[in-house]
Protein chains: 2
Amino acid sequence: MQVSTKFTIAIHVLAATEFFGNEEKVTSKLLASSIGSNPVIIRNIMSDLQKAGLIETKRGPGGISITRPLDQITFYDVYEAVEKNKDQLFNFHENPNPACPVGRNIHAALDDKLDDIQREFEEDLKKHNVAEVVHDLHQEVNAEKQA
Amino acid sequence: MQVSTKFTIAIHVLAATEFFGNEEKVTSKLLASSIGSNPVIIRNIMSDLQKAGLIETKRGPGGISITRPLDQITFYDVYEAVEKNKDQLFNFHENPNPACPVGRNIHAALDDKLDDIQREFEEDLKKHNVAEVVHDLHQEVNAEKQA
DNA sequence: TTTAAATGTAATACTACTTGTTTCATCTGA
DNA sequence: TCAGATGAAACAAGTAGTATTACATTTAAA
């Protein structure tokens with residue numbers, strides 16, 4: 001299993017919007033160019049981010065605006081916004097045999113442990129935020145200038 | 001994204017093998033019945049577990065044997081044995097634009113953070129082992145007897 | 001008020017993965 | 001020897017991820 005590219009693309013979208021926001025109008029076309037993907041892919045992700053309340057978009061000669069400071073947008077916020085099945089990390093086999101003592105009780109013996117792991121994974125995602133990414137981007141760009 | 005059913009099935013296989021191992025011969029057919037799946041699915045998972053050195057299987061009137069105490073088989077050992085792309089939890093978009101300062105540097109700004117999260121997730125998986133599951137199974141079965 | 005430029009969304013296509021099934025070769029303890 | 005088990009190949013169906021085209025809708029600005 002893998003977290004889909006939607007996750008890293010969404011972080012790219014937020015970081016690039018902050019990075020370019022003051023100088024240029026940020027559109028799905030510009031973002032698609034930076035990301036190396038298709039504008040419709042970006043618009044779908046923009047739609048996810050908007051439903052999650054992380055950005056606002058406008059039609060017409062529109063553009064994207066971010067609704068709150070990036071240090072208040074964690075990786076988990078982004079993950080939650082774009083990822084499917086975010087509420088069930090582990091896909092349990094569905095038909096354990098109720099006539100078998102193991103099949104009948106495997107859920108009771110396993111669910112709490114899987115829930116633990118999922119909760120810890122979500123906490124791990126919350127330890128990072130998008131502001132860190134923008135900060136490191138500026139650091140990289142400055143290093144380029146000096147070279 | 002979801003961890004595939006192979007993971008919970010593999011834990012079921014190990015737990016059931018321990019649970020029944022002393023009384024009955026444990027075969028892919030018996031396990032498939034307990035799990036509610038197909039014997040070939042189980043045999044493929046058995047093959048993964050065998051490659052990882054967690055079990056040994058024999059042909060003929062064979063059966064499965066576990067190679068080390070279950071408290072030394074963590075959820076991560078099982079995850080590593082059966083899951084694809086286990087080495088790269090996050091699927092990064094592949095073609096960021098090198099002509100764009102963000103596209104050119106997004107990997108440098110993001111990779112270390114994603115590696116952190118992956119490492120922590122793996123640690124979370126290592127906190128649990130299959131012996132706990134068997135212990136809880138016996139507890140559930142004993143509770144059934146009293147009722 | 002018009003219009004260029006942007007988002008919103010539906011439809012399609014391709015690929016890869018997951019899960020299930022059938023079939024048959026191969027092995028091995030009794 | 002042989003019944004009973006694993007090993008493995010082939011196939012099918014369903015789902016998810018990614019990419020693309022096309023068009024309707026909106027809106028700031030000319």
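Owing to the predicted nature of the structure, the values given are computational and were not obtained by experimental measurement. FYI, side chains are in, hydrogens and waters are out, and symmetry mates aren't considered; it's all heavy atoms of this structure. Chain identifiers are assigned alphabetically (A, B, ...) following the order of the sequence lines, protein sequences preceding nucleic acid strands; residue numbering begins at 1 within each chain.
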* With side-chain contact (heavy atoms from CB on, under 4.5 Å) as the test, would you mind laying out the steps for A:Asn105 and B:Phe19 before giving the verdict? => CA-CA 12 Å; A:Asn105 292 298; B:Phe19 195 93; over 6 Å; no
* Between the side chain of A:Gln2 and the main-chain N/O of B:Gln88, is any donor-acceptor distance below 3.5 Å? -> yes
* Side-chain donor/acceptor of A:Asp77 to backbone N/O of A:Thr74, under 3.5 Å ->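 Indeed, once roles are kept as given, a pair shorter than 3.5 Å links the two residues.
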* Which heavy atom in B:Gln118 sits nearest to a heavy atom in B:Phe90, and how many Å separate them? ->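 Result for this residue pair: N-CE1, 4.4 Å.
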Closer than 4.0 Å, any side-chain N/O of [X] to the OP1 or OP2 of [N]?
X: A:Ser28; N: C:dA6; answer: no
X: A:Thr57; N: C:dA6; answer: no
X: A:Gln50; N: C:dG8; answer: yes
X: A:Ser47; N: C:dT7; answer: no
X: A:Ser4; N: D:dA16; answer: no

Provide, to the nearest angstrom, the distance between the [atom1] atom belonging to [X] and the [atom2] atom belonging to [N].
X: A:Lys51; N: C:dG8; atom1: NZ; atom2: P; value: 10 Å
X: A:Ile41; N: C:dT9; atom1: CD1; atom2: C1'; value: 13 Å
X: A:Lys25; N: C:dA6; atom1: NZ; atom2: C1'; value: 7 Å
X: A:Met1; N: D:dA16; atom1: CE; atom2: P; value: 16 Å
X: A:Asn44; N: C:dA10; atom1: CG; atom2: P; value: 10 Å
X: A:Ile9; N: D:dA19; atom1: CD1; atom2: C1'; value: 11 Å
X: B:Asp48; N: D:dA8; atom1: CG; atom2: P; value: 11 Å
X: A:Arg43; N: C:dA6; atom1: CZ; atom2: C1'; value: 8 Å

* Residue-level proximity of residues 29-40 of chain A to DNA chain C when a heavy atom falls under 4.0 Å -> A:Val40
* Contact nearer the 5' end of DNA chain C, comparing B:Glu83 with B:Lys58 -> B:Glu83
* So does A:Glu123 pair up with A:Lys126, basic N to acidic O under 4.0 Å? -> yes
* To do: Group every Ile, Leu, Val, Met, Phe, Trp and Tyr by side-chain heavy-atom contacts under 4.5 Å, then state whether A:Val40 and A:Met46 land in the same group.
  =>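 Different hydrophobic clusters.
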* If you pin B:Gly63 and A:Gly60 to their nearest nucleotides in DNA chain D, which one's is more 5'? ->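 Mapping each residue to its closest nucleotide by heavy atoms, the 5'-most match is B:Gly63.
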* Asked: So B:Phe121 and B:Tyr79, would you call those rings parallel, tilted or perpendicular, with 30° and 60° as cut-offs?
  -> perpendicular
* Pair of N/O donor and acceptor under 3.5 Å linking D:dT27 base with A:Arg59 side chain ->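 No.
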